[in-house]
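None of these values were measured; they are calculated from a predicted model. We count ligands from 1, going down the list as the structure has it; atoms in each ligand are counted the same way.
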Amino acid sequence: MEKITNNEKETLGFAKEFAATLSSGDVICLSGDLGVGKTVFTKGICEYFKVSDIVNSPTFTIVNEYSADSGETIYHFDMYRIDDEDELIEIGFDDYLNSGALCLIEWPEKVPSYIPKNSLKVSILRDNSSDDARIIKVERF
Ligand code: ADP
Ligand code: MG
């Protein structure tokens, strides 16, 4: 599935449509350059699940934990600052992945050996047509 969005609002809208297809326990990898819209896409998913917490890149903490309206937990990771996958042992990353909660992972390329085979992959690219245009691809790993 592929979609071109022309602004942040359209990306939020597409993320909500995507979120409607998710089940608890799904792992979603969000790839793309800095500032392309991975966190915006995450916000859209969280809006769909009526998360009332503030959704921001967890750059200093690696993981943010949100509560959906249903009571379910959503984990949001940003692996940008991970230099060595062993750092994930300390935070017990496997336990998050196996918790049955929805897990959203920015910069999955930093932790390739931890990414489950059945993850969903969302890739966001800039489109040449305008500064705010993005090409968003969704696929199973
Ligand atoms: P990332 O998490 O990938 O580093 P962010 O989601 O934090 O990036 O930031 C994306 C930035 O790009 C935001 O400032 C947002 O307003 C802007 N933006 C412009 N056009 C779009 C678009 N089509 N989709 C998503 N974000 C967009
Ligand atoms: Mg981000």
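- At the Mg ion (ligand 2), the angle from OG in S57 to OG1 in T39 is 80° when rounded to 10°.
- Between the Mg ion (ligand 2) and D78 there is no N/O/S contact shorter than 2.8 Å.
- At least one donor-acceptor pair closer than 3.5 Å links the side chain of E10 to the backbone N or O of N6.
- Contact annotation for N7 and ligand 1: only backbone heavy atoms (N, CA, C, O) come within less than 4.0 Å of the ligand.
- Residues F77 and F93 place their aromatic rings such that the two centres sit under 6.0 Å apart.
- Side chain of E87 to main chain of D84: a donor-acceptor pair is present (N/O by atom type, distance under 3.5 Å, no hydrogens or angles).
- Taking every heavy atom of L34 and a limit of under 4.0 angstrom, the matching atoms of ligand 1 come to 4 (O).
- None of the N, O or S atoms belonging to T42 lies under 2.8 Å away from the Mg ion (ligand 2).
- In this structure, the side chain of K38 does not engage the main chain of C29 through any donor-acceptor pair within 3.5 Å.
- With hydrogens and angles disregarded, no donor-acceptor distance shorter than 3.5 Å links the side chain of K137 to the backbone of S123.
- For atom 15 (C) of ligand 1, the nearest non-hydrogen atom of the protein is E8 OE1, 3.2 Å.
- Both the backbone and the side chain of D132 come within 4.0 Å of ligand 1, judged by heavy-atom distances.
- Between L88 atom CG and D95 atom CG the span is 11.5 Å, to the nearest 0.5 Å.
- The closest donor-acceptor contact from the side chain of E85 to the backbone of S113 lies under 3.5 Å.
- The salt bridge (charged side-chain N to carboxylate O under 4.0 Å, His left out) analysis of residues 41-58, with sequence neighbours excluded, yields the pairs K16-E47.
- Counting protein heavy atoms only, atom 7 (O) of ligand 1 is closest to T39 CB, 3.7 Å.
- The closest protein non-hydrogen atom to atom 25 (C) of ligand 1 is T11 OG1, 3.5 Å.
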Q) Could you go step by step and tell me if E109 and M79 meet the side chain to side chain contact (heavy atoms under 4.5 Å, CB included) rule? A) CA-CA 8 Å; E109 310 58 26; M79 301 305 188; over 6 Å; no
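- The presence of a protein heavy atom under 4.0 Å from atom 20 (N) of ligand 1 is confirmed.
- When distances from the Mg ion (ligand 2) to the N, O or S atoms of E106 are compared, OE1 comes out shortest.
- We find the CD1-CG distance between I4 and D127 to be 5.0 Å, quoted to the nearest 0.5 Å.
- Put simply, Y80 stays out of reach of the Mg ion (ligand 2), with no N, O or S atom under 2.8 Å from it.
- Only the backbone of D33 comes within 4.0 Å of ligand 1, counting heavy atoms alone; no side-chain atom from C-beta on gets that close.
- Numbered from 1 in the order shown, with element, the atoms of ligand 1 that lie under 4.0 Å from a heavy atom of V40 read 6 (O), 25 (C), 26 (N).
- Side chains of V55 and N64 form no contact here, defined as non-hydrogen atoms less than 4.5 Å apart.
- The shortest contact between atom 10 (C) of ligand 1 and any protein heavy atom is with G35 O, 3.3 Å.
- Nearest-residue assignment for atom 17 (C) of ligand 1 (options K38, R134, E106; heavy-atom criterion): R134.
- Residue G37 holds the heavy atom nearest to atom 8 (O) of ligand 1 of all those in S57, G37, A133.
- Residue E10 does not touch ligand 1, judged by heavy-atom distances below 4.0 Å.
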